[in-house]
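First the structure, in the form of structure tokens, and then the observations on it.
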Amino acid sequence: MDHTQMSWKEDNVIARLHNSVDNVTLAVGQALTNPTDRSIQNAEDMIERANKSIAMALESRGNLEPISTLQEQLHQNVEKLHTLH
């Protein structure tokens, strides 16, 4: 596989992971401002998807800086959500 193909695939993995973590941030924000069972469940579902995305990214790309940064951002969102419990 040539270098440009690998770089594009890596960028795509990171972009998808970034979107997933952004979705978690939005869902957690909604749960914090409107802590209904539905909003909390939605945030938990988004967190589960983002965790799977991070696991896949780590498996396929290794512990690259963007992945570890997004993983930390996800962890912070999980901590915020846990303040509701």
Side-chain angles (χ1 to χ4, degrees):
M1 185 178 300
D2 69 52
H3 180 68
T4 56
Q5 182 72 13
M6 184 64 108
S7 179
W8 178 84
K9 281 185 139 189
E10 188 172 293
D11 289 348
N12 190 34
V13 168
I14 301 299
R16 286 177 41 217
L17 181 56
H18 204 292
N19 286 339
S20 186
V21 173
D22 285 348
N23 288 338
V24 168
T25 301
L26 290 172
V28 169
Q30 288 174 343
L32 291 173
T33 58
N34 184 22
T36 63
D37 288 343
R38 182 181 174 136
S39 66
I40 293 168
Q41 184 61 52
N42 183 52
E44 289 173 348
D45 291 346
M46 293 289 178
I47 288 167
E48 185 178 333
R49 282 189 213 129
N51 274 325
K52 288 178 183 175
S53 295
I54 285 176
M56 289 178 5
L58 288 170
E59 185 178 311
S60 66
R61 300 291 172 235
N63 197 11
L64 299 174
E65 175 57 34
I67 297 171
S68 59
T69 300
L70 289 167
Q71 189 174 28
E72 177 57 30
Q73 185 179 343
L74 178 61
H75 177 72
Q76 290 171 1
N77 279 310
V78 169
E79 293 299 316
K80 287 179 190 175
L81 187 63
H82 283 150
T83 65
L84 294 177
H85 294 290

Kindly determine whether Ile67 and Leu64 satisfy side-chain contact (heavy atoms from CB on, under 4.5 Å), including the steps that lead there. CA-CA 5 Å; Ile67 297 171; Leu64 299 174; 4.3 Å; yes
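- Closest non-hydrogen pair, Lys80 versus Leu32, comes out as O-CD2, 3.6 Å.
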Please report, to 0.1 Å, the donor-acceptor pairs under 3.5 Å made by any side chain of residues 48-56, with sequence neighbours excluded.
from: Asn51; atom 1: ND2; to: Ile47; atom 2: O; distance (Å): 3.4
from: Ser53; atom 1: OG; to: Arg49; atom 2: O; distance (Å): 3.2

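- In terms of modelled atom types and a separation under 3.5 Å, the side chain of Thr83 and the main chain of Glu79 share no donor-acceptor contact.
- Asp45 and Gln41 are linked by a side-chain donor-acceptor pair at a separation below 3.5 angstrom, with hydrogens and angles left out of the test.
- Note: Asn77 CG to His82 NE2 = 11.5 Å, rounded to the nearest 0.5 Å.
- Here the OG atom belonging to Ser20 is positioned 9.0 Å from the CG atom belonging to Leu70, to the nearest 0.5 angstrom.
- There is no side-chain donor-acceptor pair under 3.5 Å between Ser39 and Asn34.
- Each of Gln76, Gln73, Glu72, Arg16 was evaluated against Val21; a single residue qualifies, Gln73, per the side-chain contact (heavy atoms from CB on, under 4.5 Å) test.
- The side-chain contact (heavy atoms from CB on, under 4.5 Å) test applied to Glu65 returns Ser68, Thr69, not counting sequence neighbours.
- Among all heavy-atom pairs drawn from Val24 and Met46, the shortest one is CG2-O, 3.3 Å.
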Would you check, one step at a time, whether the test side-chain contact (heavy atoms from CB on, under 4.5 Å) holds for Gln71 with Leu58? CA-CA 10 Å; Gln71 189 174 28; Leu58 288 170; 3.9 Å; yes
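- By the side-chain hydrogen bond (donor to acceptor under 3.5 Å, both in side chains) test, His75 pairs with no residue at all, sequence neighbours left out.
- Nearest heavy-atom pair across Pro35 and Leu84 is CB-CD2, 4.1 Å.
- Rounding to the nearest 0.5 angstrom, the gap separating the NE2 atom in His18 from the CG atom in Asn23 is 11.5 Å.
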